[in-house]
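Below: one structure, written as C-alpha cells.
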There are 2 protein chains.
Amino acid sequence: MLKEERQQLILEKLGTDKKVTLVELGQLLNVSYDSVRRDVIELEDRGLLKKVHGGAIANSYLSMKASRGLGIANNEFNIITKKAQKLIENHSIVLMDGGTTNFYIAEQLPKSLEITVVTNNPHLATALAEHPKIEVILLGGSFYKRYQITLGSKTMQDLEHINADLYFMGINSIHPQKGLAIRQYEESLLKQKMMSVAKKTVSCVIEEKMNRVENYKVCDVDDLDYLVTSLNPNEKILQPFKGKSVEIL
Amino acid sequence: MLKEERQQLILEKLGTDKKVTLVELGQLLNVSYDSVRRDVIELEDRGLLKKVHGGAIANSYLSMKASRGLGIANNEFNIITKKAQKLIENHSIVLMDGGTTNFYIAEQLPKSLEITVVTNNPHLATALAEHPKIEVILLGGSFYKRYQITLGSKTMQDLEHINADLYFMGINSIHPQKGLAIRQYEESLLKQKMMSVAKKTVSCVIEEKMNRVENYKVCDVDDLDYLVTSLNPNEKILQPFKGKSVEIL
DNA sequence: AGTAAATTTGCAAAAAATTGCAATAGTTTG
DNA sequence: CAAACTATTGCAATTTTTTGCAAATTTACT
C-alpha cells in the first residue's frame, strides 16, 4: 500500500468518524502501528488533523466547513456562542485568534452585525466572507501550518497598530491557580501581545479544557475580563473561579 | 510498445483504480520498472497524475476530464504550470498574489521544492500546507472578500520588508499597447508595489485574457520580465508581443 | 535507402525513503 | 501507585529513487 493512499484513507475515515485510534487504523489498513503513527504526525504537520494521545481527531476547521449547512449543531458550542454574541454586540473592533471555538463563534455571528474582526487565522477570515457587514483584517506573518495561523515577529508588529475593544482568546487549558495555557511558546507570546492591545479579554472555554494544564502559560485567570463557558454558574467545577476578578458567563 | 501507448494505458488504469504502484505497472505493461517510472515522471510534469513514493495517484483533474471524454493531453493550465515551474526552480523567494492561475500553479508545485512563498491570498497559504518544504509568509491587511485577498496600505507596508526574487502577477487582461490591467484600483496599486519589490516579474495568462482591456492598468507589457502562455510562440495572437522586451514562454 | 543524431530503454550501483521491531520512556486510568 | 496503554528512539531490512552508462530504437535528413 502506498503511503499517500494510506494517508488519504486516514483522512477519509476521520471525515466520517471524527476520531480514530492508531491501533484501529493499523488493523484497518493492515500496517504496523508505527506507520500509521508516522502518517498521523505528517498529516498533523500539514494541518489536516489533530493528533491526540492514542489516536487522531478530525481537523476542526475542515470538519466544520464540511458540516456547515448540514444542521449539525454542537450544543456546547452553541451555548457558548450565544453568550459570546452578547459580549460582541457592544464592541466594534474584535480581535480573534485561532482555535475551534473562535472559528465557530465567528461563523455563527449574525449577518447583520457591523463590526471589524482582526485575526491571524486565515480560515476565519475566509469564513467571514459570508458576512457582508463585517470588515476583516488579517494579520500577516509566517504561516504556521500545524495550527493554521500566522505567527512570529511580523504578526506581533502588526498588532502594534491595533486598538481592539475585545479580544477572544483561544486557549488549550485553564486552571484556577495555574492560569491559561497553550501548547506553543511562540503562540503564548502572541496571545500576551494581543491581550495588551485589547481593552478587554474574553476566553470561551469548553468543559474538557478546564482544570488541565498545558505547557506555556499565557496569563492568570485574574487577567481575564470575561470567562464564557457552557456551564451553569453554580456548577462545582466553576467554584474555584468564583473568587477571581473575572466575570463568569 | 510505444511510449505514447504505454502512457495512455497508465492514465486509463489510473482513471479506474485511482492509484497504481510502479511495480504493478511494469508487470502489466511488460516493460522495465525504469520505463514506467520515467513515464510517470513525464505524465506528472504534464500535470496528468500525481507521482508518489512507489507509485502514482490519479489527479482530480484527470478524472474530471477523462469522465467527460475530453482530451486530457494538454489543458491550458497544465502547460502554463509546467513552464512556470521551470522559472521558479532557480528562485528562492517567490511572491504570488491572487487569481486562479496562481493558485493552480502553487498547488502543483513539486513537494520537494524548498522555497519561500509570500502571498496575500489566504487560500494559497493553506493549500501550500501540503508542501512540507515550502515556507509561507502571509501578507496582512484588510481582507477583500470579493477577491479573497488582503489589500490596502497595511499590505503595501508589509511588502516594504520583502525582497523577492520572482513575482507571479495574476492579471485580468493583457494587451500589447494598453498593457496589463485589473478590475480593482487598490489592487492595481498593490501589484505595482509588488513589482517594485521583486527582481523579476512574470505573468501567466490564459488565452481568454489576451487582447482584452480591463479598468485599471498595472504596467506595460515591457515592464514584465516573462510572459507565460499556453500558446505556441508562433501563434498570431502572440505576434504583437514579440517586439517587446518581455521574454515569451 | 543509408547514415547521423536524438531519443528511448534496460541495467547496475549508490543514495534515499519507508517500514517494522524492540527497548525505553512517558501517560492515562482505575 | 501500579497496570495497561501509548509514545519515542535508534536500528536494520526492505523497497524505491537516482544516476550514469551503453545498447537498442526511432527520427531526421540527404
Exceeds 12 heavy-atom contacts within 6.0 angstrom, atom NZ of B/Lys51: yes
Between A/Glu76 and A/Ser230, a side-chain donor and acceptor under 3.5 Å: yes
Pair B/Glu42 + B/Arg38: basic N to acidic O under 4.0 Å: no
Residue pair A/Tyr144 / A/Glu186, side-chain donor-acceptor N/O under 3.5 Å: no
From CZ (B/Phe241) to CE (B/Met210), nearest 0.5 Å: 4.0 Å
Residue whose nearest DNA chain C nucleotide is more 5′ - B/Ser32 or A/Val31: B/Ser32
Aromatic plane relationship, B/Phe77 with B/Tyr104 - under 30° parallel, 30 to 60° tilted, over 60° perpendicular: parallel
Sugar-phosphate or base contact per nucleotide [nucleotides 14-19 of chain D; S, B, -; heavy atom under 4.0 Å]: --SBBB
Span of DNA chain C in contact with chain B (heavy atoms, under 4.0 Å): C/dT8 to C/dT18
Within 6.0 Å of CD in B/Glu207, more than 12 heavy atoms from elsewhere: no
d(CD, A/Glu42; P, D/dT8) in whole Å: 15 Å
DNA chain C: 5'-proximal contact among A/Met1 and B/Val36 (nearest heavy atom): B/Val36
B/Lys244 atom NZ: more than 12 heavy-atom contacts under 6.0 Å: yes
